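Since the model is a prediction, treat every value here as computed from it, not as a measurement. The first residue in the sequence is number 1, and the count goes up from there. Scope of the values below: all heavy atoms of this structure, side chains included, with no hydrogens, waters or symmetry mates.
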Amino acid sequence: MSYTLQYGQIWPYLPRLFDGAWIALQIAVLAFCGGLAIGTACAAVKSFGPRWLSRIVNLYVVFFTNTPQLVQIYFLYFALPDMGVLLSSYAAVLIGMTLNAGAYLTEIQRAGFESRRVSEMEAAEVLGFSRLQQIRYVILPHMARVLFPPLSNHFIIMTLGTSMAAVFGVEELTGQAFNINSQTFRSIEIFSVTALFYVALTLAASVLLAAIGRYAFRARTGLI
C-alpha cells in the first residue's frame, strides 16, 4: 500500500512548531548558562580548592557523567515528590539539564584552568593579585579564548538534547510534533519538518556563536 505525502496538512500547525522551537531554545540557553556557572565554580574548586571539597565535586561529576540524563530527570520528576518536593515538568527538565551540563562543563573548564600560563600567574603574584583576582583577571580571559569552541559545541548538543523534554509533557519542539502527529497521523511529514526545524536551530546557533567568537577573540572559531 503506497503512502502519499501530504505536507499541506502540516502547514496550519507551523506556528505551534515555532512556539515549540522557542521553548526548546529557552531551555537550552537557561540550562547552559546555569551549567556554565556550576562548571566554572566546580572547575575552580578542583584546580585550587581544598582536597575534601574537590572530592565532593568529583562525586558530583562522576555521577552525572556516568548516568543517563533521562534517568536523572526521571528522578527529579518522579522521585522527589515522594520526598515532598514537587516540580513541574518544565522545572524538572531544566534543573536536570543544568546539573548534567554543569558536570560536563566542569571537566571542559578544568582543562582551561590547567592550560593557564605559568609566566602569567607568576607575574600576577608579583603584582600582588589574590587568588580570586588571578582567576578573574588572568585565568578566565585566557580560558574564554581557549574554551569558546568546545563550549559552543556543547551548547549545540544541549539544544538537540531538549527533545527529551517531550517525554515529560513539555511542549517544546518534539513535544509539539508528538501532539500534532496524534491529531493528523502524518508521521513522515510532521517529523521530517521537525527535523528541519532542528537543523535550522543548530545552524543558526552555530553561525551566531562563530560570529561572536570572531568578534570577541578576533579569531576564527571552529564549530560542528
Side-chain angles (χ1 to χ4, degrees), residues 23-116 131-132 135-136 139-140 142-144 146-175 198 201-202 205 209 223-224:
I23 294 174
L25 189 59
Q26 281 182 338
I27 294 173
V29 170
L30 292 175
F32 179 81
C33 290
L36 185 62
I38 294 172
T40 302
C42 289
V45 167
K46 292 189 69 171
S47 298
F48 306 109
R51 181 171 297 180
W52 66 270
L53 191 55
S54 179
R55 288 176 177 173
I56 294 175
V57 171
N58 283 334
L59 289 175
Y60 159 67
V61 171
V62 168
F63 176 79
F64 279 93
T65 57
N66 289 278
T67 55
Q69 188 174 22
L70 187 61
V71 172
Q72 297 162 16
I73 300 174
Y74 259 101
F75 178 84
L76 292 171
Y77 189 61
F78 291 108
L80 287 186
D82 293 336
M83 305 176 189
V85 180
L86 298 177
L87 294 175
S88 66
S89 56
Y90 183 93
V93 169
L94 182 58
I95 293 172
M97 290 190 66
T98 298
L99 293 174
N100 185 270
Y104 281 98
L105 295 181
T106 294
E107 291 303 295
I108 293 175
Q109 293 184 93
R110 183 176 63 85
F113 276 109
E114 293 179 353
S115 71
R116 62 189 183 275
R131 179 64 71 182
L132 286 178
I135 293 175
R136 178 179 178 183
I139 298 177
L140 289 182
H142 172 70
M143 285 177 57
V146 173
L147 298 182
F148 189 80
L151 290 177
S152 299
N153 287 335
H154 193 78
F155 175 76
I156 301 300
I157 294 171
M158 289 183 65
T159 301
L160 297 175
T162 58
S163 59
M164 74 178 66
V167 177
F168 302 91
V170 179
E171 293 188 338
E172 47 70 63
L173 186 52
T174 300
Y198 278 111
L201 274 179
T202 54
L209 290 168
L223 301 174
I224 59 175

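- Atom CD of E107 and atom CG of L105 lie 10.5 Å apart (nearest 0.5 Å).
- When all heavy atoms are compared, the tightest approach of A101 to A31 is CB-O, 4.2 Å.
- The minimum heavy-atom distance linking N66 with V62 is given by the pair ND2-O, 2.7 Å.
- Here the SG-CD1 distance, from C33 to I38, works out to 11.5 Å after rounding to the nearest 0.5 Å.
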Evaluate the side-chain hydrogen bond (donor to acceptor under 3.5 Å, both in side chains) criterion for residues T174 and Y198: first the C-alpha distance (whole Å), next the side-chain angles of each, then the deciding distance (0.1 Å), finally the verdict. CA-CA 9 Å; T174 300; Y198 278 111; 2.5 Å; yes
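- Judged by distance alone, the side chain of S54 and the main-chain N or O of P50 form no donor-acceptor pair under 3.5 Å.
- The two residues E172 and A24 make their nearest non-hydrogen contact at CB-N, 3.9 Å.
- The main-chain N or O of F64 is found under 3.5 Å from a side-chain atom of N100 such that the two form a donor-acceptor pair.
- Distance CG/N58 to CG/L53: 10.0 Å, rounded to 0.5 Å.
- Here Y74 and F168 bring their ring centres to under 6.0 angstrom of each other.
- Considering only heavy atoms from C-beta on, T106 stays 4.5 Å or farther from V45 through its side chain.
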Atom pairs and distances, side-chain donor-acceptor, residues 78-99, under 3.5 Å, sequence neighbours left out:
residue : atom : partner : partner atom : Å
S88     : OG   : A91     : N            : 3.1
T98     : OG1  : L94     : O            : 2.7

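- With rounding to the nearest 0.5 Å, the separation of CD in Q109 from OG1 in T40 is 3.5 Å.
- The CG atom of L147 sits 12.5 Å away from atom NE2 of H154, with the distance rounded to the nearest 0.5 Å.
- Formation of a donor-acceptor pair under 3.5 Å by the S47 side chain with backbone atoms of A44 is not found in this model.
- Here the CZ atom belonging to F155 is positioned 8.0 Å from the CE atom belonging to M158, to the nearest 0.5 angstrom.
- Residues L173 and I23 are not in side-chain contact: their nearest non-hydrogen atoms beyond the backbone lie 4.5 Å or more apart.
- One N or O on the side chain of Q72 and one on the backbone of T67 form a donor-acceptor pair closer than 3.5 Å.
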